[in-house]
Structure formats: structure tokens, C-alpha cells
Amino acid sequence: MPTLKRGKASSSSSSSSRVLVPMETDSEESPFSSSSSSEGEEEEEEEGEGGRVSDDEDEGNGEEAVEDRAKKRKAPITISLKKVCKVCKGTGHEAGFRGATYIDCPRKPCFLCKRPGHTTMFCPHRVATEHGVIPAPRRNTDTSLDYIFKRQLKAKIPMIKPTFVIPGQLDCGVIRFHSRRVTCLEFHPTRNNVLLSGDKKGQLGIWDYAKLHEKTVYGSIHSCIVNNMKFNLENDGVLYTSSSDGTARCTDLETGTSFFLLDLNPEGWNGPATWRMLYGMDINVEKGLLLVADNFGYLYLVDGRLKTRIGGPILIHKKGSKVVGLHCNPVQPDVLLSCGNDHFARIWDARRLEAESSLASLAHGRVVNAAYFSPLTGNKILSTAQDNRIRVWDSIFGNLESPSREIVHSHDFNRHLTPFRAEWDPKDPSESLAVIGRYISENYDGVALHPIDFIDVSTGKLVAEVMNTDITTISPVTKLHPRDDVLASGSSRSLFIWKPKGDKCPEQQLLERKSMNIFGRVERKSCGKLDGESDDDSDFSFKDKKRKAKNFDGKYLSGRKKAKP
């Protein structure tokens with residue numbers, strides 16, 4: 001991949017336009033301006049001096065005089081259009097997105113850090129060494145629980161932070177794998193080269209990126225957005241999914257057969273006021289419980305072995321608010337972390353779940369997109385909020401009233417995107433590396449790119465920016481491999497695999513020399529034929545879509561292949 005240099009994005013605005021509008025009668029006024037122009041007044045004076053025809057002359061000349069007068073009345077009027085800001089709706093300036101470049105409104109706070117006094121282009125947090133870290137006030141948290149943590153858990157964390165391994169080189173990918181934008185990704189727990197993906201239409205994709213051509217799309221799993229995917233660790237051939245259609249399903253990956261675990265809309269559509277959607281989902285491995293949460297603030301428990309629902313719904317967030325994320329602590333699964341649209345992330349004891357019985361409530365500035373315990377000790381919390389902040393709590397045993405750090409990062413999107421979620425690197429023994437896509441584009445040698453950021457959350461430092469000049473779309477969905485140094489990213493309808501630079505075995509190099517093609521979709525017969533409609537809500541596109549193949553660092557990609565009969 002060529003070396004890219006960051007430069008300033010262009011923010012120049014075009015000059016005001018001039019439009020000719022023909023007027024049919026003298027009484028018509030321009031819809032763009034209420035006041036009469038000097039040019040119109042001059043036309044009236046000329047018309048009064050010699051352009052008007054008296055009634056006698058009109059009778060004498062007949063129809064010719066009437067036609068001449070009608071032509072004069074239809075003379076065009078020149079009107080000047082004023083600039084209108086798309087952000088504040090004021091006049092005299094322009095703001096908003098122009099292509100991939102965002103132009104700030106001078107009357108609004110900075111879009112990145114949400115503070116007044118400067119624009120996004122000159123935000124001090126944009127290219128800061130520590131990536132806009134805001135330290136929390138220092139406080140004494142030495143309690144008995146901290147002592148237990150230091151003795152029992154912290155001993156597993158190395159004192160010297162290891163060197164981060166960044167998968168920064170595009171290895172392979174498949175374009176337009178799904179018919180709608182990708183919404184979630186998950187690696188197979190035992191088969192290292194298998195990636196699973198869900199999309200907005202409810203489809204489930206399975207791709208073996210080591211063999212390149214082996215891929216499957218099941219089109220009848222859900223009827224709309226797949227929000228979460230989790231594996232049954234007792235049987236890695238079974239996948240649990242939750243969807244905005246209000247169902248949680250269990251799917252056999254070999255046959256594509258799925259059945260309901262939970263259906264919150266058995267009577268079908270009765271309007272948006274009663275339609276329930278399932279967002280957050282996780283599995284309590286010790287008890288075999290599937291936990292799912294809906295868009296009304298309720299939590300549901302399902303016995304994964306008996307495939308039956310346990311008890312009734314439990315209100316865990318503000319009534320009527322969406323619960324977008326659930327995560328069980330990896331060390332103690334009975335400790336549950338939830339987050340939602342009520343601007344809070346909450347910690348619960350799953351053995352005593354009741355309304356308003358949370359162990360702690362972590363306040364955020366806006367909607368919380370995701371919140372996760374650290375993958376090894378479960379002692380830290382990493383959250384992503386819509387206010388362009390990544391928040392870190394270094395210890396769940398200490399004071400949780402305010403985060404240990406706030407990291408300014410661009411992920412406040414408008415719409416037509418899957419929400420950004422910062423996730424831990426499950427292989428990092430120091431529990432300090434996180435990955436997340438970036439919303440606002442940066443100008444690299446004249447190309448507007450949206451990098452994938454690797455951030456050291458212990459300091460707030462930007463460790464690496466992963467990008468490729470041929471991928472100009474946003475990558476809101478990212479997933480790090482639990483065992484290999486591999487990053488998977490979902491951008492619009494396409495999937496990409498990233499690996500460390502120079503990390504190629506002889507077999508891979510031989511494969512690149514053969515110029516093997518990667519085809520698009522291959523569906524199973526049991527799923528039925530899928531139509532080839534495009535994703536209407538995707539605002540971004542790849543360069544040169546008309547080409548059937550495109551080279552990415554030696555691997556060749558192509559469009560979709562028709563379904564086999």
C-alpha cells in the first residue's frame with residue numbers, strides 16, 4: 001500500500017448562482033425574493049414611456065398589438081439566489097457535507113468535540129498526539145475490592161506492555177457480498193478462516209476467506225436487520241441471532257435450518273407503537289442462558305438447552321428506550337453490562353435482576369452505542385457514545401461516577417450507517433488496544449478516506465490508521481480475530497480482511513501469482529433465490545464499479561455470481 005500523507009481537505013464554497021425565471025404576467029412575483037429589483041423598475045419605466053399601447057391603438061392594430069404586448073410581459077427576470085446553510089438554515093454561508101468533506105457552520109459548535117470556538121478542520125483534538133484524551137479527576141480508589149483485584153486478577157496482566165501487532169494491510173475481500181449493508185460480524189470459534197456476517201435485510205453470510213471462493217448466504221433467517229450474532233460454545237455449528245423483526249433464532253450453519261427461540265410479535269404488525277425489536281444479546285456460558293433486550297427497555301431470558309423462555313420481561317433501562325447492547329463479564333458471567341438510548345450504561349447482578357436494582361449506572365452525554373468488559377480480566381469497561389466520545393473505566397471496583405478517560409473520536413453519524421462500536425483486541429494481554437472505524441474523512445494525497453483507528457485506551461494515543469486508497473467508503477463494522485492477527489471490516493455491502501504487513505506465507509504468495517478471482521454471492525438451494533437489488537441506504541460507492549475485477553495487493557475481487565439452481 002502506498003504511503004499516504006495527510007493534508008487539509010478543501011472547504012471552499014461555490015459562488016452564488018444566477019437563474020432566469022420567465023414571468024407570465026405582471027402580477028407574478030418571484031418565489032425567491034419579495035422585493036422588486038432595480039432592473040424590474042427600469043423595465044416598468046421603459047414600458048410607461050414608450051412600451052404601453054393605448055386602447056385606441058389596440059383596437060386599430062388588432063391582434064398584432066396584443067401579441068406584441070404579451071411578448072413584453074413574458075420577458076425573463078434575472079434573480080440572484082442566496083447561499084443557505086444546511087445546518088443552521090441561515091443565509092450568507094454554506095455548511096454540511098460536500099462530497100466526503102464536511103464544512104463547518106460558524107454558528108454551531110465543533111462537530112468533532114462538540115465545543116464552541118473553532119471548527120472541525122481546526123479542532124485541537126483532531127490530530128492531537130494523545131488523540132483528544134480528556135483525563136478524569138484524580139481520586140483515591142484504594143478499597144478492599146481493589147486490594148483483591150491487585151492480588152488475584154492483576155497478576156495475570158504483564159507489567160511491561162507488549163508491542164501492538166496491527167493488521168494494516170488489505171489481504172483480500174469480496175465486493176457486494178450482501179444485498180444490503182453489513183450490520184454485524186463474527187469469527188467462527190474453532191475454524192480460524194471462517195467469517196460470519198449479517199446484513200440489513202436479515203441475511204446470514206458465511207465466508208471462508210482462506211479458500212476465497214467458499215461462501216454462502218442464507219436469505220431466510222430473519223426478515224430485517226440482524227443486530228447480533230453469538231455462538232453456542234457447546235456446539236460450534238449452531239449460531240444464535242437477534243433481529244429487528246422481534247425474533248431470536250437458533251440456526252444450523254451446515255443446513256441453514258433455523259427455529260424460533262423467542263418471538264415478541266406473534267400477532268404480526270400492529271403499528272410502530274407495539275412492534276418490538278431485539279437489539280442487545282449475549283450468552284451466559286455457565287448457565288446456558290441467552291439474554292436479549294428490546295427497544296422498550298426490557299430484558300428477556302431464554303434457556304438455551306430447553307429452547308424456552310424463562311419468566312417475564314424485566315425493565316433494565318428507561319421504559320420506552322432502546323437497549324442496544326448486552327455483555328456478560330468473561331470472568332464472572334453473572335455480572336451483566338447493558339447500554340441504551342437513555343444515555344446510560346448499567347451494571348447488573350444477573351442472579352437478582354429487578355427494575356431499578358442495578359449495581360452502577362454509568363452516565364454518558366448521548367446515546368450509548370456499545371459497552372464491553374475487558375476480554376481477559378473483565379475489570380475494565382469500554383463504551384462508545386454518540387457524542388464522539390470513547391469512555392474508559394479502569395476498574396469496576398472503584399468509583400464509577402466518572403470515567404477514567406474520555407477519548408474524542410469521530411463516530412457521530414447522521415443516518416444510513418450501522419452504529420460505530422469500539423471493541424477490545426481479545427489477544428492483547430494488557431487490555432489496552434481497541435479498534436473502531438472513523439466517520440469524518442481525512443484528505444490523504446487528494447483522496448478522501450475513512451480510516452479504521454487502533455487506539456491505546458490506556459493513554460488515548462492513536463496507534464495506527466488502517467486504510468487503502470481503493471476503499472473510499474466508511475467502515476462502521478469491525479471485528480478483530482480472537483486468535484490470529486486478523487481484522488475483518490464491513491463497508492456497505494462488502495467484506496474485507498486485513499493482515500499485518502509482510503505477513504504472507506509461501507502458499508499465499510503463490511496464490512497471488514495465479515491471480516485467482518473472488519466471486520460475489522453463492523446461495524444454498526434451501527434458502528431460495530435472492531434478488532440482486534442494491535442497498536438504497538448506502539451513501540457511498542466503490543471506484544469504477546463497472547469493472548468486473550479489481551486488484552487489492554495481489555488478490556483479485558469481482559462482483560456477484562448468479563445463484564446456483
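Quick note: residue numbers are just sequence positions, from 1.
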> Going through the checks in order, is the side chain to side chain donor-acceptor pair (under 3.5 Å) test met by His450 and Ser475?
Replying inline: CA-CA 7 Å; His450 304 263; Ser475 302; over 6 Å; no
> So Leu253 and Leu204, side chain to side chain contact (heavy atoms under 4.5 Å, CB included) or not? Walk me through it.
Replying inline: CA-CA 9 Å; Leu253 298 179; Leu204 174 63; 4.1 Å; yes
>> Pair His317, Ser338 - check side chain to side chain donor-acceptor pair (under 3.5 Å), show working.
In response: CA-CA 9 Å; His317 279 262; Ser338 64; 2.8 Å; yes
>> As a quick check of understanding, evaluate side chain to side chain donor-acceptor pair (under 3.5 Å) for Arg181 and Thr418, giving each step before the final call.
In response: CA-CA 8 Å; Arg181 60 177 163 88; Thr418 304; 2.9 Å; yes
>> As a quick check of understanding, evaluate side chain to side chain contact (heavy atoms under 4.5 Å, CB included) for Ser242 and His222, giving each step before the final call.
In response: CA-CA 9 Å; Ser242 65; His222 291 281; over 6 Å; no
>> Let's go through Thr478 and Glu423 carefully: what are the C-alpha distance in whole Å and the side-chain angles of both, what is the deciding distance for side chain to side chain donor-acceptor pair (under 3.5 Å) to 0.1 Å, and is it a yes or a no?
In response: CA-CA 8 Å; Thr478 56; Glu423 295 190 9; 5.9 Å; no
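Ring-plane geometry between Phe413 and Phe420 is classed as tilted, the angle between the planes lying from 30 to 60 degrees on a 0 to 90 degree scale. Ring pair Phe187/Tyr209 is perpendicular by interplanar angle, where above 60° counts as perpendicular and below 30° as parallel.
Using a 4.5 Å cut-off on side-chain heavy atoms (C-beta onward), Leu278 and Thr247 make no contact. Between Pro375 and Pro330 there is no side-chain heavy-atom pair separated by less than 4.5 Å.
Residues Ser492 and Ser494 have side chains that never bring a donor and an acceptor to within less than 3.5 angstrom of each other. If you check the side chains of Arg276 and Asn295, you find no donor sitting under 3.5 Å from an acceptor.
Minimum heavy-atom separation, Ala370 to Arg421: CB-CG, 3.6 Å. Pairing each heavy atom of Gly202 with each of Ile221, the nearest pair is O-CB, 3.8 Å. Minimum heavy-atom separation, His411 to Asn388: N-OD1, 2.9 Å.
A centroid separation of less than 6.0 Å is found between the aromatic rings of Phe231 and His188.
The number of heavy-atom neighbours closer than 6.0 Å to CZ of Arg191, taken from other residues, nucleotides and ligands shown, is 12 or below. Remark: Lys114 NZ is packed, more than 12 non-hydrogen atoms of other residues, nucleotides or ligands lying under 6.0 Å away.
Each salt bridge (charged side-chain N to carboxylate O under 4.0 Å, His left out) pair with one or both residues in residues 335-348, not counting sequence neighbours, appears once here: Asp342-Arg346.
Classification of Asp245 and Arg249 as a salt-bridged pair fails, no side-chain N sitting under 4.0 Å from a carboxylate O.
For the atom pair CZ (Arg389) and CZ (Arg366), the distance works out to 11.0 Å, reported to the nearest 0.5 Å. Note: Ser243 OG to Met281 CE = 10.5 Å, rounded to the nearest 0.5 Å.
Geometrically, Lys322 engages Tyr279 in a cation-pi contact defined by less than 6.0 Å to the ring centre and at most 45° from the axis.
Residues meeting the ring pair (Phe, Tyr, Trp, His ring centres under 6.0 Å) test with Phe373, sequence neighbours left out: His327.
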